Amino acid sequence: MPKRYTVTSALPYANGPLHIGHIAGAYLPADIFVRYLRLRGEDVVYVCGSDEYGAAITIKAKKEGTTPKAIIDKYHNIMKSAFERFGIAFDIYHRTSEQIHTETSQAIFLRLHEKGEFEVLESKQYFDEVATQFLADRYIMGTCPKCGNENAYGDQCEKCGSSLSPTDLINPRSTLSGSKPVLKKTKHWYLPMNKYEDWLKEWIVKEKQNTWKTNVYGQCKSWIEGGLQARSMTRDLDWGIPVPLEGAEGKVLYVWLDAPIGYISATREWAKQNGKNWEDYWKSPDTELYHFVGKDNIVFHCIIFPIILKAHGAFILPTNVPANEFLNLEGDKLSTSRNWAVWLHEYLDEFPDKQDVLRYVLGSILPETKDSEFTWKDYQARNNNELVAIFGNFVNRPNNLIFKYNNGIVPPLGELTEYDKSVLAELITYPDKIGDLIKNFRFRDALAEVMNVARLGNKYLADTEPWKIKDNPERVGTIMNISLQIIGNLSILSKPFLPRTAEKLEKMLSLDGKASWDEAKKADLVKVGTTITKIELLFEKIEDDVIEKQIQKLTINNKQLPINNNQETTISNNIKQSQTTNNQQQPTNNQSVVPQKELINYDDFSKLDIRIATILAAEKVAKADKLLKLTLDTGIDTRIVVSGIAEHFKPEEIIGKQITLLANLAPRVIRGIESKGMILTALDGNGKLRFLHPSEAVMNGATVS
RNA sequence: GGCGAGGUAGCUCAGCUGGCUAGAGCGCAGCACUCAUAAUGCUGAGGUCGGGGGUUCGAGCCCCCCCCUCGCUACCA
């Protein structure tokens, strides 16, 4: 009786193309896992799709002067086609903008609503009429009612440490525009996650300690034990799934509610197209659910989404969330904004028919326990020294010998030597060995074992030396038969990892490709009398110039690519951030310059007091990674400015430099330091911050006009 | 800053609840072989396990301090 599995890979966010970091993080491991399960004859559905809502899409659309719909169509198609060409074996690659997803998400939301799982808070929230948006707590400041601190935040006063709500503040002001926010009625639906703490302690902290990866378990445990808070499941936004309730006009579902439900919608669509019952895959307790994600997605798949499923009541929960760490490239983090990446669609264009090479290399370096590193030299070495020399070469040896010695016909086994028997005995241990590794998400080791099968073959030929005993055709025949059996088993065992290569082996041996995994536990796959089809070389050497070209391409900053800071732009935390904050400190590039803002008159400009100042002293602000405390000579005074530039400048390097200062910006207390003004900076094409300073030194206090 | 995960041979990584001379693949050196894409097989040289203390008969694995990397989170007008 086959077991039922539902397997998901994180939905990639539709605002940029896919690179090898995505593949190594969430797609290749899942694909190997799924292909293995299918070979075992299990009943498995593997779903994925584009994640297409969220503020990051609308921001990108604005920047490119187009519509959100155009953005998501563009990237959905690029990603879908790249996945197909690369050979990720989704049963369906869906998208969250489909109608069925809207229905599914709304139905789940309604169910939670009807069950009373939400705390509906109709509150008056501060609304910034200048920025025309509701303000998150942190974006409101005012006077603390307890200690009188004038610079308390909407959620907390840092001076006296008391927790606040924005409406507690006296004289509130928006930190977005500086204007006085008005209270506007808004209603939101909160999921009281704290109600589920006990359950999570039981379900994860107790039960998953030995089965979940340490990185996953550790992060969940720290979240759960740190205490969970109610999280709003709705947002005041215009790009998303409408909240299906009266009085919720203009509100959409929170992306972390909507996006994971995309797995369910995709399954429904697949079931509809294939005459299946989707509920078997999501509601039947004997179904196992696996989410493959990158490490930045852990808490959402392990805590928030399971709470939603649990609150709903009818759904199964993930058996495991085998999150991977990150992949680096040539010693540096992958970065879309700096174009520091190997793009999947470009690889597929530039290395035609080499999908399995990339699968092999990435499979060998999957960041299973820690961040790992892709280099082109390593890619070349693994191709030339492993795929070509060990795997390809082994297959090619009998591929030639069988024609030399037996006209391409598979000869019968003669009497077996003890050595023959030991080789066959070893051969048939591999299916279980490799299968166990796959089941434990140790894909790297599993792939290494597949290579060991080829090594076994090479050693067998070297030890038996059939080319030296041409006068003993029966013995040569036995050796040929056994060598071909090894290739036969290899055609099954390599299938989850190198599907195209496995197909070539099947063609060589006239196998129909229907053999199950367990059939590799015997060594009789290749039948006596079969005519072998001579095949071309499986892998070819990759020369230095090809590799150097790729390395060069990386170092040229060609600035053609879209903005995106995240390595794992899967179900993405940058959406989440964009919905709650406004920190678009993103690098800009040639193709996405921010459009001009609306016109102002001279009076507006003349209100700004911009002048040149010199940095007299600079030091890091304690307990803040990004802040520098600068002492400036402004010509009119010596003052302190706190600036979020610590990641771009070392304090000692900027002392003495002239900078441009917005001098009459209202003072603000940041981390307990009063900051009087704002340093003007610009981002260059590499995402690095630059000061603005006069081309020749000028007097401090010189005004800019 | 808080939390989580890591820092092991030139490179990429294994090392389970502490226990014999710390492992694998690649690279490197030597030897053998020639059916094979100068491929393969055998042998070998490489590590004071991030640094410093401590617990223990015994620590890469446990405890304390420090340094570095990545993620989550806070800070960024």
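Note that the coordinates shown come from a computational prediction; the quantities given were computed from them, not determined experimentally. Labels below follow one simple rule: chain letters A, B, ... track the order of the sequence lines, proteins then strands, and each chain is numbered from 1.
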Worksheet item: To the nearest angstrom, how far is N384(A) atom CG from U37(B) atom C1'?
Response: 10 Å

Worksheet entry | In G30(B), glycosidic geometry as syn within 90° of 0 or anti otherwise | anti

Worksheet item: Counting only Watson-Crick or G-U wobble pairs whose two distances fall under 3.5 Å, which nucleotide matches G25(B)?
Response: C11(B)

Practice prompt. Look at the side-chain N and O atoms of T214(A) and state whether any lies under 4.0 Å from the OP1 or OP2 oxygen of G6(B).
Written response: yes

Discussion item. Of the options C3(B), C33(B), C75(B), whose atoms approach the side-chain atoms of W467(A) most closely?
Written reply: C33(B)

Worksheet item: In whole Å, what separates the C1' atom of A24(B) from that of G46(B)?
Response: 14 Å

Item to complete: Could you check which of A36(B), A39(B), C70(B) has an atom nearest any side-chain atom of R397(A)?
Response: A36(B)

Discussion item. Any carboxylate oxygen within less than 4.0 angstrom of a Lys/Arg side-chain nitrogen, looking at K354(A) and E540(A)?
Written reply: yes

Fill in: Euclidean distance, atom CD1 of residue I469(A) to atom P of U34(B) [Å, nearest integer]
13 Å

Worksheet item: So which nucleotide from A36(B), C76(B), G25(B) ends up closest to the side chain of L627(A)?
Response: C76(B)

Fill in: Side-chain N or O of R455(A) closer than 4.0 Å to phosphate OP1/OP2 of C26(B)
yes

Practice prompt. Determine yes or no for a side-chain-to-main-chain donor-acceptor pair under 3.5 angstrom, with S483(A) supplying the side chain and P398(A) the backbone.
Written response: no

Worksheet item: Which nucleotide, in any strand shown, forms a Watson-Crick or G-U wobble pair with C49(B), with both distances under 3.5 Å?
Response: none

Discussion item. Using atom P in both nucleotides, what's the gap between G7(B) and C16(B) to the nearest angstrom?
Written reply: 11 Å

Discussion item. Tell me if a side-chain donor or acceptor on N406(A) pairs with a main-chain N or O of I409(A) at a distance below 3.5 Å.
Written reply: yes

Discussion item. What is the distance, to the nearest angstrom, from the CG atom on N396(A) to the P atom on A38(B)?
Written reply: 10 Å

Practice prompt. Using distance alone, with no hydrogens and no angle criterion, decide if D420(A) and T417(A) have a side-chain donor and acceptor under 3.5 Å apart.
Written response: yes

Fill in: Minimum-distance nucleotide (side-chain atoms of K468(A) versus C75(B), C33(B), C70(B))
C33(B)

Item to complete: Could you work out the separation of C26(B) and C33(B) based on their C1' atoms and round it to a whole Å?
Response: 22 Å

Item to complete: Could you work out the separation of G52(B) and A59(B) based on their C1' atoms and round it to a whole Å?
Response: 16 Å

Worksheet item: Counting only side-chain N and O atoms of N385(A), is one of them less than 4.0 Å from OP1 or OP2 of G27(B)?
Response: yes

Discussion item. Checking base pairs now: Watson-Crick or wobble, both atom distances under 3.5 Å. What partners C16(B)?
Written reply: none

Practice prompt. State yes or no: are the ring centers of F691(A) and F649(A) separated by less than 6.0 Å?
Written response: yes

Practice prompt. May I ask which nucleotide in the shown strands pairs with G41(B), Watson-Crick or G-U wobble, both distances under 3.5 Å?
Written response: C31(B)

Worksheet item: In whole angstroms, how far is the C1' atom of C35(B) from the CG atom of N399(A)?
Response: 12 Å

Worksheet entry | N324(A) versus K213(A), side-chain donor and acceptor atoms under 3.5 Å | yes

Discussion item. By nearest atom, which of the nucleotides C13(B), U40(B), C70(B) is closest to the A389(A) side chain?
Written reply: U40(B)

Worksheet item: Out of U40(B), U12(B), C72(B), which has the shortest distance to the side chain of I390(A)?
Response: U40(B)

Response to the item:
Out of C13(B), C33(B), A5(B), minimum distance to the side chain of R444(A) belongs to C13(B)

Item to complete: Would you mind reading off the distance between L484(A) atom CG and C35(B) atom C1', rounded to a whole angstrom?
Response: 13 Å

Worksheet item: Can a side chain N or O of K213(A) be found less than 4.0 Å away from OP1 or OP2 on A5(B)?
Response: no

Practice prompt. Indicate whether OP1 or OP2 belonging to G1(B) is found under 4.0 Å from a side-chain N or O atom of K620(A).
Written response: no

Fill in: E325(A)/K295(A) ion pair, N-O < 4.0 Å
yes

Discussion item. With a cut-off of less than 4.0 Å, is there a side-chain N or O of K377(A) near OP1 or OP2 of C26(B)?
Written reply: no

Discussion item. Please report the distance, rounded to the nearest Å, between CG in N400(A) and C1' in U34(B).
Written reply: 13 Å

Item to complete: Tell me the partner of A36(B), counting only Watson-Crick (N1-N3 plus N6-O4 or O6-N4) or G-U wobble (N1-O2 and O6-N3) with both under 3.5 Å; none if nothing fits.
Response: none

Practice prompt. Examine C13(B): is either OP1 or OP2 under 4.0 Å from a nitrogen or oxygen in the side chain of S372(A)? Give yes or no.
Written response: yes

Worksheet item: What integer distance in Å separates L537(A):CG from A36(B):C1'?
Response: 10 Å

Worksheet entry | Counter-base of G58(B), judged by Watson-Crick or G-U geometry with both distances under 3.5 Å | none

Discussion item. Strictly by Watson-Crick or wobble contacts shorter than 3.5 Å, is anything paired with U69(B), and which nucleotide is it?
Written reply: A5(B)

Worksheet item: Are OP1 or OP2 of G71(B) and a side-chain N or O of K370(A) less than 4.0 angstrom apart?
Response: no

